[in-house]
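Letters go in sequence order (proteins before strands), and every chain restarts at 1.
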Protein chains: 2
Amino acid sequence: MMERKKFSQFKNKALENPEVREEYEKLQQKYELKTKLISLRKMNGLTQEELAKKLHTQKSNISRLENVNSKISPRLSTIEEYAKAMGYNLEINFIPQN
Amino acid sequence: MMERKKFSQFKNKALENPEVREEYEKLQQKYELKTKLISLRKMNGLTQEELAKKLHTQKSNISRLENVNSKISPRLSTIEEYAKAMGYNLEINFIPQN
DNA sequence: TATAAAGTTCTCATATATGATAACTTTAGT
DNA sequence: ACTAAAGTTATCATATATGAGAACTTTATA
């Protein structure tokens, strides 16, 4: 708990730096999408292999897509198909910064 | 006015057909994104050329990106950068299909 | 702790998006 | 109708995502 508080304080301080903040938000966003993809799949009780089959591709490709560390920026259509395979549509919004 | 009503009735009838409906929604979505991109740019009072400069690219590429008819499915990062250049962040949501 | 299932990583081939330039068309203002 | 600005289209080169297969690591469970 003490650790958590300390870190939290440090984080807030660091985020006052615009460059750090920007970098952080960029990561947050990437993390968000990948995270959403993964939880969407798990919510539907699918393994990577099962989803891969639905999409006529390989489990290794699903893994790559879901990998938070990969530098790949997927095509919109790829995300769309992933979502469709589980019964979802994509919605894209533009949010003003600050 | 008469024309509009007739068309509207036809449209609703046609949308009861699942295949037609799916095709329609697909188009709607594509249209939506491109439309959002265009209005975002215009809201910020930018020409394609001006935006291109901000993004260190050419106006022809902006035109291609905004072109509703093109079969290109852009990278997520491309849309992101377009938005960022005008002070917006991307938000992506998964909407259950019915 | 052995085993199977699930997920990851690497690599190469292929498909597709993006960058750049030029010529063309449309639109707006006079 | 003329002109300039804005937008479009075509094309080729380059960058990057995706497909596929194999070997590897992690996780869960008996």
Side-chain angles (χ1 to χ4, degrees), chain A residues 23 26-94, chain B residues 23 26-94:
Chain A
E23 205 51 37
K26 212 181 295 171
L27 286 174
Q28 270 296 95
Q29 279 187 305
K30 275 184 192 168
Y31 186 68
E32 246 188 63
L33 174 66
K34 301 296 178 71
T35 300
K36 280 182 185 176
L37 286 177
I38 296 171
S39 49
L40 205 61
R41 177 172 60 78
K42 293 197 167 159
M43 274 174 44
N44 283 66
L46 295 174
T47 65
Q48 290 183 346
E49 195 163 17
E50 287 166 335
L51 179 55
K53 196 157 200 173
K54 276 176 183 278
L55 290 167
H56 307 292
T57 183
Q58 315 309 123
K59 65 176 182 168
S60 56
N61 298 328
I62 302 293
S63 177
R64 181 172 54 193
L65 185 67
E66 291 182 350
N67 178 4
V68 181
N69 298 319
S70 100
K71 296 157 202 160
I72 285 179
S73 184
R75 274 184 250 149
L76 222 47
S77 60
T78 303
I79 305 296
E80 228 167 45
E81 284 162 19
Y82 187 110
K84 287 260 170 68
M86 291 179 295
Y88 291 79
N89 283 319
L90 267 196
E91 178 189 71
I92 298 181
N93 295 316
F94 297 98
Chain B
E23 206 51 37
K26 211 180 296 171
L27 285 174
Q28 271 295 96
Q29 279 188 303
K30 275 184 191 169
Y31 186 67
E32 246 188 63
L33 175 66
K34 302 296 178 72
T35 299
K36 281 182 184 176
L37 286 177
I38 296 172
S39 48
L40 205 60
R41 177 171 61 78
K42 293 197 169 160
M43 273 173 45
N44 284 66
L46 295 173
T47 65
Q48 289 184 346
E49 196 163 17
E50 288 166 335
L51 179 56
K53 198 156 201 176
K54 276 178 184 278
L55 290 167
H56 307 294
T57 184
Q58 316 309 123
K59 64 176 184 171
S60 57
N61 298 327
I62 302 294
S63 177
R64 180 173 54 194
L65 184 67
E66 291 182 349
N67 179 5
V68 181
N69 297 321
S70 100
K71 295 156 202 160
I72 285 180
S73 183
R75 275 184 249 151
L76 222 46
S77 60
T78 304
I79 305 295
E80 230 167 41
E81 285 161 19
Y82 188 111
K84 287 261 171 66
M86 291 179 295
Y88 291 79
N89 282 318
L90 266 196
E91 179 188 72
I92 299 182
N93 295 316
F94 298 98

key: Salt-bridge present (B/Lys53, B/Glu49; N to O < 4.0 Å)   = no
task = Would you mind classifying the nucleic acid contact of A/Ser63 as base, sugar-phosphate or nothing, using non-hydrogen atoms under 4.0 angstrom?
result = base
ask   = Checking all strands, does A/Thr57 fall into the base, sugar-phosphate, or nothing category for heavy-atom contacts under 4.0 angstrom?
value = sugar-phosphate
task = Indicate whether the side chain of A/Asn61 and that of A/Arg64 have a donor and an acceptor atom separated by less than 3.5 Å.
result = yes
key: Rounded distance (Å) that lies between atom P of C/dC24 and atom CD of B/Gln48   = 19 Å
key: Touch class at under 4.0 angstrom, heavy-atom based, for A/Ser73 against every strand present   = sugar-phosphate
ask   = Pick the nucleotide of DNA chain D nearest each of A/His56 and B/Ile62; which residue has the one closer to the 5' end?
value = B/Ile62
inquiry  = The side chain of A/Arg75 is closest to which nucleotide in this list: D/dT8, D/dA6, D/dA17?
reply    = D/dA17
ask   = About how many Å separate CG of A/Leu46 and CG of A/Leu51, when rounded to the nearest 0.5 Å?
value = 6.0 Å
query = In whole angstrom, what separates B/Asn61's CG from D/dT9's P?
reply = 14 Å
note = note: A/Leu37, atom CG; C/dG7, atom P; distance rounded to Å ~ 14 Å
task = Measure the distance from NZ on A/Lys71 to P on D/dA15 and round it to the nearest whole Å.
result = 17 Å
query = Would you say the base of C/dG19 and the side-chain of B/Ser60 have a donor-acceptor pair closer than 3.5 Å?
reply = no
Whichever of B/Thr78 and B/Lys59 has its nearest DNA chain C nucleotide further upstream toward 5' = B/Thr78
request  = Taking only the side-chain heavy atoms of B/Pro74 (C-beta and beyond), determine which of D/dA20, C/dT18, C/dG7 contains the nearest atom.
outcome  = C/dT18
note = So CD of A/Glu50 and CD of A/Gln48: to nearest 0.5 Å the spacing works out to 11.0 Å
ask   = Taking atom P of D/dG21 as reference, at what distance in whole Å does atom CD of A/Glu49 sit?
value = 13 Å
message = side chain to side chain donor-acceptor pair (under 3.5 Å), that's the test. Do B/Tyr82 and B/Glu66 meet it? Break it down for me.
response = CA-CA 11 Å; B/Tyr82 188 111; B/Glu66 291 182 349; 2.3 Å; yes
task = Rounded to the nearest angstrom, tell me the gap between atom CG in B/Asn67 and atom P in D/dA6.
result = 20 Å
request  = Send over the distance from A/Gln58 CD to D/dA22 C1', rounded to a whole Å.
outcome  = 11 Å
ask   = Is the base of C/dG7 touched by the side chain of A/Arg64 through a donor-acceptor pair closer than 3.5 angstrom?
value = no
request  = Calculate the interatomic distance between A/Glu81 atom CD and C/dA15 atom C1'; express it in whole Å.
outcome  = 13 Å
